[in-house]
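Note on naming: letters A, B, ... go to the chains in the order of the sequence lines (proteins, then strands), and numbering restarts at 1 for each one.
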Amino acid sequence: MENRRVRVRFAPSPTGPLHMGGVRTALYNYLFAKKHGGDFLLRIEDTDQTRYVAGAEEYVVDALKWCGMTIDEGASVGGDNGPYRQSERKPMYRQYAQQLLESGHAYYAFDTPEELTEMRERLKAAGMAAPQYNAVTRSGMKNSLTLSAEEVKKRLDAGDKYIVRVKMPRNEEVKFEDIIRGWVCVNTNNLDDKVLFKSDGMPTYHLANVVDDYLMNISHVIRGEEWLPSAPLHVLLYRFFGWADVMPEFAHLPLILRPDGNGKLSKRDGDRLGFPVFPTNWKNPETGEQSSGYRERGYYPGAFNNMLAFLGWNPGTTQELFSMEELIQAFSLERVGKAGAKFDFDKTNWFNQQYLRMHNGSELATQLKPYLAAENLVVENEYIAQVCDLMKERATFVQDILKEGPYFFEAPTSYDEKTIKKKWKEQTPEHIRELSGLLKELPLFDAESIGACFKSFLEAKELGFGAVMPGFRVSVTGLGAGASMNDIAALLGKKEVLRRIEVALNSIKK
RNA sequence: GUCCCCUUCAUCUAGUGGUUAGGAUAUUACCCUUUCACGGUAAAAACAGGGGUUCAAUUCUCCUAGGGGAUACCA
């Protein structure tokens, strides 16, 4: 047990795209596995065929890949413990249900959905808030505990629909030690006879998950807190099967909460909270509804991971920027907090800004190119790189460089009204024209020379920066603010600068 | 309703039986600067409440409140 190989699984249900909470669960699993030199498996939990959504599995695989998580074994890559899709494992589960039936830990139930609803309605009317199929109520239902052996056999032979329920023992304390929460203790009187095997021949999550984790030799189950209430049932199942000695350790992660009000972040939140909840774009195949993803919004996978890792975990130091490799080294489940964490979009952007700065101009140029191409701007790499170097400190996303500095790629077609209104004085055209004439004579058109030229012009005319600079800027860039004008002008080149000034002087009217 | 889990600045969080309760994001101010950013320096900002235990509790414990989760032939 102690030196068991670490094997963890991420086990999403393909009912739609993964949301960030799911990605974080996958990430913690991945980090834990890699930290301990273990395996990260991907298992598709598609036991509910009615909820299957086309493309969901591909989405998950693609999203994990984008985030930089490599699947060692599982759906999309294969392995020795397959298949890794529960629907394809369907024939394997029946025998396990049978085993429980034979050992008396489970029983057949023949109640129709209508009968179940009727029972619930009746008990609700009697004042029970959440009626359960349990040790008390099962005696009034149609199952192999209340029906005679002959009747049960007759129904089974006749091919009547049935399900298998766990026979929850009475008044027993189920205890298990969660890595994050410590000892968790629940009395079985509060647990119900959960369905293990459905009438369509598929297992429910509870059975499938325990059987598969056992068969796949999973050492640690790291999943969201929403599973905590059913963990005691799973523990019991391991015991009933006689697998208690190889039962995985549990770690129930705190949930990611919505930044507004309360509640956990869910797929349904889409973009309506003002930020994406999905790692990558998603189009609902049924409704056609589109949801945006972090990838397409221009976030770096590293920044996204880094942000996610810190939502519920921290290294105990003041370091906040971690590469995947560093996260693996630093990660431990012991440092995962217990309380739910509200998602902070501002901080997400901050992480991205930090990541953007780690890239040099030519790397950013490569990243920016697609955005330029989308605007039909064809520019030389070297030039883009210089623009990026100049602009990166004011960008959170690469595309901000284009957004904040369109003038690097196209001459302005309009001029910022506010700046014109406030800074374009009567004397301005005259000053700009004079400055233009001086710039024209510069033998070397670099930032330093331009700066010196500008300064000597001001001195000669006894003018302040504010009297000329804004006009100069708006003439050349069309904007009232931005990077150093000396740098901008140098990058643009003398010819272009002079040309733009000419155009501006002819078109700016006040 | 019932069961389970949780509770440090607005947010993510560090932390210890005795600390000026630390950092980051966001906010504000000042500095730098032609401007916008960046950067720098500051500021404001928290131990949910009430009992215990203790010389001493943010820290241990109980209760209350608040929040979250679960309560399906869904995962």
Each nucleotide of nucleotides 57-65 of chain B classed B (base within 4.0 Å of a protein heavy atom), S (only sugar-phosphate) or -, in 5' to 3' order, makes ---------
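- Nucleotide B:A70 has B:U2 as its partner under the Watson-Crick or G-U criteria, with both atom distances under 3.5 Å.
- Using Watson-Crick or G-U wobble geometry with both donor-acceptor distances under 3.5 Å, B:U54 finds no partner in any strand shown.
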Determine, for nucleotides 29-35 of chain B in 5'-to-3' order, which nucleotides have protein heavy atoms under 4.0 Å from the base (write B), from only the sugar-phosphate (write S), or from neither (write -). -----BB
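- Applying the 3.5 Å distance criterion, the base of B:A26 shares no donor-acceptor pair with the side chain of A:Lys347.
- The same atom, P, is picked in B:A37 and in B:U28; the two are 11 Å apart, to the nearest Å.
- Within 4.0 Å of A:Asp344, counting heavy atoms only, lies at least one base atom of the nucleic acid.
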Give me the distances for all protein-to-nucleotides 69-75 of chain B N/O pairs that come in under 3.5 Å?
from	atom 1	to	atom 2	distance (Å)
B:G69	OP1	A:Lys264	N	3.1
B:C73	OP2	A:Arg120	NH2	3.2
B:C73	O2	A:Ser199	N	2.8
B:C73	O2	A:Ser199	OG	2.7
B:C73	N3	A:Ser199	OG	3.0
B:C73	N4	A:Asp111	O	3.3
B:C74	OP2	A:Lys198	NZ	2.9
B:C74	O2'	A:Asp48	OD2	3.1
B:C74	O2'	A:Arg51	NE	3.1
B:C74	O2'	A:Arg51	NH2	3.1
B:C74	O2	A:Arg51	NH1	3.3
B:C74	O2	A:Arg51	NH2	3.3
B:A75	OP1	A:Thr47	OG1	2.7
B:A75	OP1	A:Lys198	NZ	2.8
B:A75	OP2	A:Tyr205	N	3.1
B:A75	O3'	A:Glu45	OE1	3.3

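- A donor-acceptor contact under 3.5 angstrom links the side chains of A:Asn171 and A:Asn187, judged on distance only.
- B:U41: Watson-Crick or G-U partner is B:A29, with both key distances under 3.5 Å.
- Inspection of the A:Arg9 and A:Asn29 side chains reveals no N or O donor paired with an N or O acceptor under 3.5 Å.
- A side chain to side chain donor-acceptor pair (under 3.5 Å) check over residues 252-261 of chain A, counting only residues at least two apart or in different chains, returns the pairs A:Asp178-A:His252, A:Arg223-A:His252, A:Arg258-A:Asp260, A:Arg258-A:Asp269.
- Across every strand in view, B:A65 sits in a pair with B:U7 that passes the Watson-Crick or G-U test at under 3.5 angstrom.
- Using a 4.0 Å cut-off on heavy atoms, the residues of residues 302-317 of chain A that approach RNA chain B are A:Phe310, A:Leu311, A:Gly312, A:Asn314, listed by number.
- Taking atom C1' in both B:U27 and B:U11, the straight-line distance is 12 Å, to the nearest Å.
- Annotation: ring-ring contact (aromatic ring centres under 6.0 Å, His included) contacts involving residues 446-471 of chain A, sequence neighbours excluded, comprise A:Phe454-A:Phe465, A:Phe454-A:Phe472.
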